[in-house]
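None of these values were measured; they are calculated from a predicted model. For ligands, and for the atoms within them, numbers begin at 1 and follow the listed sequence.
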Amino acid sequence: MAGHDDPDQAARRARELRELVAYHNHRYFELDDPEISDAEFDELVAELAAIERRHPELATAESPTQQVGGAPAGLFAEVRHRSPMMSLDKTTSYEELLAWGRRMERYISGEVAFTCELKVDGLAMSLLYEEGRLVQAATRGNGEVGEDVTANVLTVDAVPRRLPGGSPEILEVRGEIYMTITAFEKLNQHQAEAGARVFINPRNAAAGSLRQKDPSVTAGRELSFTAYHLGDVVGGPSFRYHHETLEWLRELGFPVSPYVATVPSLKEVDEYCTTWLQRRHSIDFEIDGTVVKVDDLAQRRELGATSKAPRWAIAYKFPPEEKNTLLRDIMVSIGRTGKATPFAVLEPVVVGGANVQLATLHNEDQVRAKDVRPGDTVVVRRAGDVIPEVRGPVLSLRPQGLPAWTFPTTCPVCGSPLQRLPGEADTYCINVDCPGQRVQRIAHFASRAAMDIEGLGERTVALFCQEGLLADVADIYSLDYERVQAFEGFGPTSVANLARAIEASKSRPLANLLVGLSVRHLGANGSQLLARAMGHLDRLMEASEEEIAAVEGIGPVIAASVKRFFSLPRNREVVERLRAAGVNFAGPSRTEVPQVLAGKSVVVTGTLQRWSREQAEAAIKARGGKAPGSVSARTSALVVGSDPGSAKLSKAQELGIPVLDEEAFERLLEDGQLPASRSGA
Ligand code: IVH
C-alpha cells in the first residue's frame, strides 16, 4: 500500500477513501447490489485505517472506520435498535489471531475460553420478542437504526413467532437470515424457467427476498435463520457463558448452529478455523469465515467495545471465492458432436486459488438468464475443485446502451446454420463435415480417456486437418510422416515418438475405442458396459437395438444412438479402415478382468499422474466396482491425486475411510485388497 506521509496528500486520499467506502456501503446495504467484493471493500477500509493511524488528526468520529454499515434506504420504516448492532474486526491469519489475543490481555487476565462459530454469509437480523411474541424484526442498517422488515420475517418458517410459556418480558435475539445452496439453486432454476434474472449468490438472493414490499414474495422464498447472539433481555435468566446462551436459545426453539465449538485456547481456535476453511463446501450454506468469541460474559464486559466493534469477538475471514472482472467477449465453441457451447472470455482474474480467463456459459438459456453481455463487469466464482463459473453481471457498472448478446445463427467454424430443436437446451452445428467438429472428434479419439495417443493434442490435430492429413479418426493410422516431418516443430524424435504412440494405441481395450468413436450419448461408463457385455466390436455392430438396450446400465437412448451410429455407411467405412490398420476390436470380456472390486465403491479426487479421471473410474468399473462422484458412508476407499477436493478428503477422514495414493490405487486394482490400517493422507 502506498504510503501517504505528506499530510496534504494523506488528507486527500482519506477523503477519497471515505467517499468510496460510503458509496460501496450504500450499494451493499441499501441497494443489495455490491459493485466490489468484500475483500476489495476491506482493503479500502484497511487503507483508510492505516492513514488514520499515521495521521491521527484525520481520524474523526464520522470516519467509516468508526462506523458500521450504511444508513437505511427508506423502503421500510426505521427502527432504532435497543442495543447497537456492531460489526466485527477481521483477521485472516493465525498471527493476527494471536495479536488479537495479546490486545485482550490489556483488559483481562487469566484463562480465556473461546466459542467458535461459522460466519454465515447472509443478512444480520435483530428479532424483538415481547412476552414471547415476535413484535419486530429489523435489519442492521447503520448499526443504530435499521429497517423494519417484520412483515417479511413473519413469513420465514425458521423464525419462531411465539416462544414457549414463561419467556422473558423482552428478548432481543440476533442472528442471520440466509438461503441454503439447495434453495438458492432451486430458486435460480425457477427464475430461469420463468424468464427472470437469476441471483448471483445465496446472500443476494436472501437479501432480495427479504427486501420485498410484498411479504407474499418473501413467503415464496425458502429462507433460513440461525441465532448466534443474545441481545437485550428483561425478566429472563442470566448466564455466565455465551455457549449457555446458545443452548437456551435452542431450547426456546431458535435454530442454532450445530457447528459451534467452545475451546480453551487460540491454538484450538486456529485448528477450528483451518478445519472449516477446508470443510467449507461440505455444508449446504455459504460461509465466508468463522467468528471467534470470548465465552465468559464477565470477561466480555471487561473487554467492552470500540465505537465500531466489540473487543471480545473477531471474524476470521476466508479467501474470497468470488471476484469481479471484465467480460471481454462471449464466444461459441463447437464440440465433437457439433454442440455449440457459449463461453466467457474474461479479463484474467485470480479467484479461489486459480487464474481464471475462460468459463463456460453452457447454453443459450443460461446466457439469457444471467443476462451477461460483453463489456459487463461480472462476478466470477471458483470454489474448491469446481470449475469456474460466471454468476452474473454487476448491473450498476454496466455501460449505458450495452447491447444484449445474441446466440449466433451460423457455425463460427464452418458457417453452416446452427440448429436448436424445440424443447432442447442445446444448439448444434449439424454439418458433419464441419472442420470444427472434425478436429474435436479426432482430438477426442486421441485423448487419454480414449485411445491415449500422446503428442496428438487438439493443436496438432487442427494443424494436420488444416494441412489435409487428417479427415477422420482412421486417417491417424495412415499418417504421412514425411509430410509431418516438414512441419515446424516436428523433428525426427518427435515424429518417431508420435508414430510409436499411434502404434501403441492400436492395442487399447474395446471400451477405449468405443469412447473414441464419439457416439452421441455414449460416455466412458456406457462404453465400459457395452465392451464387457459384447466382448467384440463386431458383436456390438451385429446386435439389435433391443439386445443393446438389454445390457444392464444401458438405456433406450444410448441403445438407439449406438445402433444409428453403426448403421451409417460412413461410420462403417471408418470402422473397416480401423480394422484394416490393426486396431484392437476385442474385449476385455467379463471373464477376462477379475471382478476384484465387486461390491466396493471407490471415489477418485484430484489429479493422478498416470490416469485421467475417466480412466481411473473406468478401471474401477471394469473390475466390478462403483465409482461415484462423492464420498458417503458406503465409500470403500478414496483415491487422492494432487489438488484433491477438500470436501471429499475431510469427509473421508471424518468417516475413517481409507485414503489411497496412486500407487495404493494401482495395488487395489490388482487384488482388490484395502489396506488394513485406515491411513490419513
Ligand atoms: S456475531 C457483536 N456471529 O457477521 C457480535 N456474526 O461482521 C455480532 N455473522 O453483522 C455478530 N455469522 O451478519 C456473529 N456466528 C456469527 C455470525 C455473524 C455471521 C455476520 C453478522 C455480522 C457480521 C459481522
Side-chain angles (χ1 to χ4, degrees), residues 21 24-25 28-29 32 34 37-39 41-42 45-46 64-65 67-70 81-92 100 114-127 137-147 149 153 158 172-180 201-204 206-207 210 223-232 242-243 245-246 249-250 254-262 269 272-273 276 280 283 285-295 297 299-301 303-318 320:
V21 169
H24 291 300
N25 261 335
Y28 184 94
F29 286 103
D32 293 327
S37 68
D38 283 7
F41 180 80
D42 291 348
V45 177
T65 57
Q67 316 240 317
V68 278
H81 299 300
R82 292 179 66 91
S83 53
M85 287 181 84
M86 301 226 246
S87 83
L88 295 176
D89 285 335
K90 300 175 179 77
T91 135
T92 51
W100 172 61
F114 302 92
T115 294
C116 308
E117 299 168 10
L118 302 184
K119 191 168 184 309
V120 187
D121 206 1
L123 272 89
M125 191 56 50
S126 184
L127 304 174
T139 63
R140 182 166 74 162
N142 63 11
E144 303 285 337
V145 177
E147 289 174 313
V149 288
V153 171
E172 201 182 28
V173 176
R174 302 268 162 87
E176 201 87 352
I177 294 262
Y178 65 99
M179 195 178 275
T180 63
N201 56 33
R203 202 203 90 85
N204 279 20
L210 205 63
L223 292 171
S224 303
F225 177 72
T226 180
Y228 49 62
H229 182 74
L230 194 56
D232 211 7
H242 173 66
H243 74 262
T245 68
L246 294 182
L249 287 171
R250 193 179 280 137
F254 290 94
V256 173
S257 169
Y259 307 112
V260 177
T262 302
V269 167
Y272 178 92
C273 298
W276 276 103
R280 67 193 288 191
I283 44 179
F285 52 91
E286 285 188 1
I287 56 175
D288 58 348
T290 56
V291 181
V292 185
K293 302 172 180 176
V294 170
D295 194 41
L297 301 179
Q299 286 180 331
R300 281 193 185 186
R301 280 189 289 276
L303 282 160
T306 65
S307 62
K308 187 183 161 223
R311 290 195 189 88
W312 45 261
I314 198 155
Y316 185 100
K317 292 273 264 183
F318 295 162

Can you list every protein residue that has a heavy atom under 4.0 Å from any atom of ligand 1, sorted by chain and residue number? L88, E117, L118, K119, V120, A124, R140, E176, Y228, V291, K293, P310, W312
Of all the heavy-atom pairs spanning I177 and A206, show the shortest one and how long it is. O-CB, 4.4 Å
Taken in chain and number order and not counting sequence neighbours, the residues that satisfy side chain to side chain contact (heavy atoms under 4.5 Å, CB included) with T139 are M125, E147, V149
Does this structure show an ion pair linking K317 with D38, if we count only N-O contacts that are shorter than 4.0 Å? yes
Hey, are S257 and E117 close enough side-chain-wise for a donor-acceptor pair under 3.5 Å? no
Can you classify the ring geometry of F114 versus W100 as parallel (below 30°), tilted (30 to 60°) or perpendicular (above 60°)? tilted
Can you label the angle between the F285 ring and the Y259 ring as parallel, tilted or perpendicular, going by 30° and 60°? tilted
